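Below: the structure, in structure tokens.
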There are 2 protein chains.
Amino acid sequence: MPEPISRRRPLLHEARCQTCSLSSLCLPLALELGDVSQFDAIIRRRAPLKKGEPLFRQGDTFTSVFAVRSGSLKQLTTEGAGNDQLTNFYLPSELVGLDGIDEEHYPGSVIALETTTVCEIPFDRLDLLSEELPELRGQLYRSMSKELRDDRRMMRLLSRKTADQRLASFLITLSDRFRRRGYSPYSFRLSMSRADIGNYLGLAVETVSRILSRFQNQNVVAVSGREVNILDMPRLISLAEEEEADVSPH
Amino acid sequence: MPEPISRRRPLLHEARCQTCSLSSLCLPLALELGDVSQFDAIIRRRAPLKKGEPLFRQGDTFTSVFAVRSGSLKQLTTEGAGNDQLTNFYLPSELVGLDGIDEEHYPGSVIALETTTVCEIPFDRLDLLSEELPELRGQLYRSMSKELRDDRRMMRLLSRKTADQRLASFLITLSDRFRRRGYSPYSFRLSMSRADIGNYLGLAVETVSRILSRFQNQNVVAVSGREVNILDMPRLISLAEEEEADVSPH
DNA sequence: CGTAATTTTGAATACATTCAAAGATGGTGG
DNA sequence: CCACCATCTTTGAATGTATTCAAAATTACG
């Protein structure tokens, strides 16, 4: 569906890569200043998504990948009877939609977990620009490669880890992602529900809740609603790795 | 370790993309004839791997991706105490090593399940060539994108499917991959052990064995060692999808 | 402020695992 | 070529972890 040509309106947060605080994490990370503006030129700013709004829906025609600017999203794949699988959470600077390249359609819906802004990068233009800019091309390959590695880490989590280990790993991974983005790795807010976490980790909601309660009782974390405080990171890390002999029965 | 320069020896199966039966599935699939020979020029043929031999080991420096020419391989990621996770099986025409691009090292070991030949594609040359050949670049993006989609299907399998559904899905996926390669989708030989299957599907060996026996008793498949015959594909598909009310208690 | 949605907790159940052991297969050397 | 040993596969029984079902408590939101 063609959009009005009058997209030259100055958005409130006239967002350019050159002034974006995420540029050191995002796709143009490897580009020199002159090249960044070429990249910037193909990007389309989007109106912010409200909580629950889809960036796109499963089956929509693939046209673009998206870089998260602020907020967060989840990717859901529906198959058969109302049986969704949450396959990813996306935080600022991460690329959404790379798994749609090879088919006509996006393989899952991507939905905002809170108010979220994204940069739209039309893939045909990105591909063409990647011909001219080897660093951009390399970064694109690396982004996809990293996502492959992350996926395999996730498979390992799903197939070999206990519920406790999954929750601990999840919190550590989130913590690390926040740290990289300049936020506190010890204190953060979950933008997703317990149900989302359970769906993502292959656990029932009740299990997620129970284990968070247990972690709290063990003074590993303090959880209040969606606020998380990691109190004992070393212990959390050891919980994520392997079941150890119960140290403190009380 | 540098190899002798005399690699110009004519290999028994002097393997060129132009005469390769897999060319319609492999990376150069989208290339025109003239371009194929450019692609062919950067490829290095490798001596066949014997069963159990590694193509590369976890931690080895990333230099190349590999296209499987014949045989099959498994990818293993070791983390912590002897706790391997099998994250992928590779069949002819499939690309191995894409998850190593963004770090210095391969994130897992890849090991031949039987006598296996591969084409080595040095990644720096591939990247350069992908600058000149948009179709090659596109195919590379698509290959990675497809692998991302497959990974997410696998996550869904690991987090939502029962053991029966996992085994059924596994057999169907294999069947489909054989069919695409011109082999019978109903009768094939597993190159991997039950332990490998269990590791891959997140199940204990015993569970894999039990379920295969059950499928056999239900006349869905006939399994003899590593020979598999799919007797009732529609039933197998329904088994893969969802638990249905037991139809024939018999 | 009231209603719907989410989260927490408890008890019973189920599915796959673990432990144990027998049976089959395959590769190697005598 | 066959025998032997190691490895792989199959089967059974007991166990355990997470699920499901049920319901209360808390939170979010209009």
Side-chain angles (χ1 to χ4, degrees), chain A residues 50-53 74 83-84 86 111 113-115 157-170 189-218 221-228 239 242-246, chain B residues 50-53 74 83-84 86 111 113-115 157-170 189-218 221-228 239 242-246:
Chain A
K50 288 187 219 121
K51 180 175 175 174
E53 275 188 323
K74 62 179 173 184
N83 198 348
D84 287 351
L86 204 165
I111 294 168
L113 291 168
E114 58 197 311
T115 302
L157 178 145
L158 291 172
S159 91
R160 310 212 87 71
K161 294 199 176 185
T162 64
D164 288 53
Q165 294 171 325
R166 292 183 201 190
L167 248 304
S169 300
F170 175 70
R189 184 167 213 292
L190 302 172
S191 58
M192 65 294 285
S193 68
R194 303 286 192 272
D196 285 338
I197 297 174
N199 189 328
Y200 179 59
L201 296 177
L203 299 172
V205 198
E206 295 92 327
T207 306
V208 174
S209 182
R210 262 184 264 275
I211 291 171
L212 284 180
S213 298
R214 184 141 38 82
F215 283 0
Q216 172 138 256
N217 290 337
Q218 296 169 342
V221 296
V223 183
S224 171
R226 294 189 173 186
E227 290 297 332
V228 173
L239 279 169
E242 58 188 311
E243 217 69 340
E244 46 195 334
D246 274 14
Chain B
K50 288 188 219 123
K51 180 176 175 174
E53 275 188 321
K74 63 179 172 184
N83 198 349
D84 287 352
L86 204 166
I111 294 168
L113 291 169
E114 58 197 311
T115 302
L157 178 145
L158 291 172
S159 90
R160 310 212 86 71
K161 295 199 176 186
T162 64
D164 288 52
Q165 294 171 324
R166 294 184 200 190
L167 249 305
S169 300
F170 175 71
R189 185 168 212 295
L190 302 172
S191 59
M192 66 294 285
S193 68
R194 302 287 193 270
D196 286 338
I197 297 173
N199 188 328
Y200 179 60
L201 297 178
L203 299 172
V205 198
E206 295 93 326
T207 306
V208 173
S209 183
R210 262 184 264 275
I211 290 171
L212 284 179
S213 298
R214 184 142 37 82
F215 283 179
Q216 172 138 257
N217 290 336
Q218 295 169 344
V221 296
V223 183
S224 171
R226 294 189 172 186
E227 289 298 332
V228 173
L239 279 169
E242 60 188 312
E243 218 69 338
E244 47 197 335
D246 274 12

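A, B, ... follow the sequence lines: proteins, then strands. Residue 1 opens every chain. A quick note: this is a predicted structure, and the numbers were derived from the prediction, not measured. Worth knowing before you read on, the calculation uses all heavy atoms, side chains too, and leaves out hydrogens, waters and symmetry mates.
With sequence neighbours left out, A/E227 forms a side chain to side chain donor-acceptor pair (under 3.5 Å) with A/R189. The side chain to side chain donor-acceptor pair (under 3.5 Å) test applied to B/S209 returns no partner, not counting sequence neighbours. Not counting sequence neighbours, the partners of A/E114 by the side chain to side chain donor-acceptor pair (under 3.5 Å) test are A/S72. Checked against side chain to side chain donor-acceptor pair (under 3.5 Å), B/R226 has no partners two or more places apart in sequence or in another chain.
The CD1 atom of A/I211 sits 10.0 Å away from atom CD of A/Q165, with the distance rounded to the nearest 0.5 Å.
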Counting primed atoms plus P, OP1 and OP2 as sugar-phosphate and everything else as base, spell out the protein contacts along nucleotides 8-25 of chain D at 4.0 Å heavy-atom distance: B, S or - for each nucleotide, 5' to 3'. -SBBBB----SBBB----
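At the heavy-atom level, A/K51 lies under 4.0 Å from the strands shown only through sugar-phosphate atoms.
Of the options A/I197, A/T162, A/L167, a side-chain contact (heavy atoms from CB on, under 4.5 Å) to A/L203 is made by A/L167 and by none of the others.
For the pair A/E227 CD and D/dT27 P, the computed distance is 13 Å after rounding to whole Å. Going from atom CZ of B/R166 over to atom C1' of C/dT17 covers 12 Å, rounded to whole Å.
Looking at every heavy atom in both residues, A/L158 comes nearest to A/R166 through O-NH2, 3.1 Å. Residue A/N199 comes nearest to B/S159 through the heavy atom pair O-OG, 4.2 Å, listed as atom of the first residue, atom of the second, then distance. Between B/V223 and B/Q216 the shortest heavy-atom distance is N-OE1, 2.7 Å.
Residue pairs meeting the salt bridge (charged side-chain N to carboxylate O under 4.0 Å, His left out) criterion with at least one partner in residues 191-217 of chain B, sequence neighbours excluded, are B/K74-B/D196, B/D164-B/R214.
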Under 3.5 Å, which protein N or O atoms sit close to an N or O of nucleotides 22-24 of chain C? Give each pair with its distance.
none

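The terminal axes of the helix from C/dC1-D/dG30 to C/dG30-D/dC1, fitted over 5 pairs per end, subtend an angle of 50° to the nearest 10°.
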